[in-house]
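Here's the structure we're looking at; comments come further down.
Below, each value reflects all heavy atoms present in this structure, side chains not excepted, and no hydrogens, waters or symmetry copies. Numbers here simply count residues along the sequence, with the first being 1.
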Amino acid sequence: MYSYRKVLAIIILFSCVISVYSCAPSPRANALDILKLPAELKAEGERGGVAFCAVILLGEIREDGTRSGEITYSLPDAFAGLKIKTDSGVWEAELYDVSISGTVAERLGAPLAPFLQSNNAISAEIKNSAGDGAQTLITVQTDCKTVEYLIDSKSGLPIFLREKGSSGDVIMEFKISDYKIQKTN
């Protein structure tokens with residue numbers, strides 16, 4: 001009889017421990033955490049009045065907060081095949097056998113910049129889009145710019161990005177499609 005009570009007490013204690021841990025609040029996820037994962041995406045939009053289309057590759061964020069990135073343009077025709085790479089703040093642009101680095105390469109790779117920054121959101125707003133379901137507009141403040149990410153509420157993936165200057169003028173905006181999260185090692 002004593003061993004029966006002991007076994008029963010152990011089962012009850014074990015059940016209580018499990019129930020306490022299952023009721024513990026889970027850590028709150030940041031709506032932009034998905035942007036920290038390595039990914040490949042297609043961007044179509046415009047920057048400074050120039051339409052562009054490009055494939056963007058994003059590397060994994062390292063312990064020091066840096067990540068690599070790459071953008072390859074297919075439009076405009078003058079940029080077709082232009083590849084800009086960045087890693088740890090170093091920018092390089094390549095077209096055929098010609099390569100340049102520095103500020104010019106960084107400016108050519110501007111659509112990569114919002115994915116390389118790690119700033120916290122200053123606001124989030126639910127948007128309803130007819131036929132597309134709910135979407136969330138997340139605003140992030142950087143040095144002198146504001147970046148808005150439109151996140152699909154079903155998939156949690158970004159579907160649109162807009163960058164505004166300090167005066168509120170639109171610097172760049174593009175649709176994001178074919179967003180594929182890459183497997184990490």
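Pairs of residues two or more places apart, or lying in two chains, never qualify as ring-ring contact (aromatic ring centres under 6.0 Å, His included) while including a residue from residues 89-127. Among residue pairs with one or both ends in residues 62-72, those qualifying as side chain to side chain donor-acceptor pair (under 3.5 Å) are Arg62-Thr66, Arg62-Asp87, Arg62-Ser88, Asp64-Thr66; sequence neighbours excluded.
Qualifying side-chain contact (heavy atoms from CB on, under 4.5 Å) partners for Val170, counting only residues two or more places apart in sequence or in other chains: Arg162, Lys164, Glu173. In this structure, the side-chain contact (heavy atoms from CB on, under 4.5 Å) partners of Ala124, at least two apart in sequence or on a different chain, are Thr136, Ile138. Under the rule for a side-chain contact (heavy atoms from CB on, under 4.5 Å), the partners of Ser155 that lie at least two apart in sequence or sit in another chain are Asp152, Leu157. With sequence neighbours excluded, the residues that form a side-chain contact (heavy atoms from CB on, under 4.5 Å) with Val104 are Ile100, Leu108. Evaluation of the side-chain hydrogen bond (donor to acceptor under 3.5 Å, both in side chains) rule for Asp169 yields Ser167 as partners, not counting sequence neighbours. For Gln141, the side-chain hydrogen bond (donor to acceptor under 3.5 Å, both in side chains) partners at least two apart in sequence or on another chain are Thr146. Applying the side-chain hydrogen bond (donor to acceptor under 3.5 Å, both in side chains) rule to Ser99 yields no partners; only residues at least two apart in sequence or on another chain are considered. Shown here are the salt bridge (Lys or Arg N to Asp or Glu O under 4.0 Å) partners of Lys175, two or more places apart in sequence or in another chain: there are none.
Taking the side chain as every heavy atom from C-beta outward, Leu75 and Tyr73 never approach each other to under 4.5 Å. Looking only at side-chain heavy atoms (C-beta outward), Leu35 and Pro158 come within less than 4.5 Å of each other. A heavy-atom distance below 4.5 Å is found between the side chains of Ile181 and Ile34. You'll find the side chain of Ile56 reaches within 4.5 Å of the side chain of Leu112, heavy atoms only.
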Verdict with supporting geometry, Ile151 and Gln135, side-chain contact (heavy atoms from CB on, under 4.5 Å)
CA-CA 6 Å; Ile151 308 294; Gln135 299 167 341; over 6 Å; no
For Leu161 and Val147, run side-chain contact (heavy atoms from CB on, under 4.5 Å): C-alpha distance rounded to whole Å, both residues' side-chain angles, the deciding distance at 0.1 Å, then the answer.
CA-CA 7 Å; Leu161 183 141; Val147 180; 4.1 Å; yes
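When all heavy atoms are compared, the tightest approach of Ser74 to Ala80 is O-CB, 3.8 Å. Heavy atoms only, all atoms of each residue included: Ile71 and Gly109 are closest at CG2-CA, 4.2 Å. Contact record, Val140 with Ala121: CG2-CA, 4.1 Å, taken as the closest heavy-atom pair. Heavy-atom minimum distance, Pro114 versus Met172: CG-CE, 4.1 Å. Taking all atoms of both residues into account, the shortest heavy-atom contact from Ala93 to Ala105 is N-CB, 3.7 Å.
Think of Ile61 as one node in a network of Ile, Leu, Val, Met, Phe, Trp and Tyr side chains linked at under 4.5 Å; it has no links at all. Under a 4.5 Å side-chain heavy-atom criterion applied to ILVMFWY residues, the cluster that includes Phe160 comprises Leu137, Leu150, Ile159 as well.
With hydrogens and angles ignored, the 3.5 Å screen pairs no side-chain donor or acceptor of Glu44 with any backbone N or O of Lys42.
A salt bridge links Glu163 with Arg47: the distance from a Lys NZ or Arg NE/NH1/NH2 to an Asp or Glu carboxylate oxygen falls below 4.0 Å.
Distance check, rounded to the nearest 0.5 Å: CZ of Arg107 to CD1 of Ile84 gives 14.0 Å. The distance from the CD atom of Glu46 to the CZ atom of Phe52 is 9.0 Å, given to the nearest 0.5 Å. Taking CG from Leu116 and CG from Leu58, the interatomic distance works out to 7.0 Å, rounded to the nearest 0.5 Å. The distance from the NZ atom of Lys180 to the CG atom of Leu57 is 10.5 Å, given to the nearest 0.5 Å.
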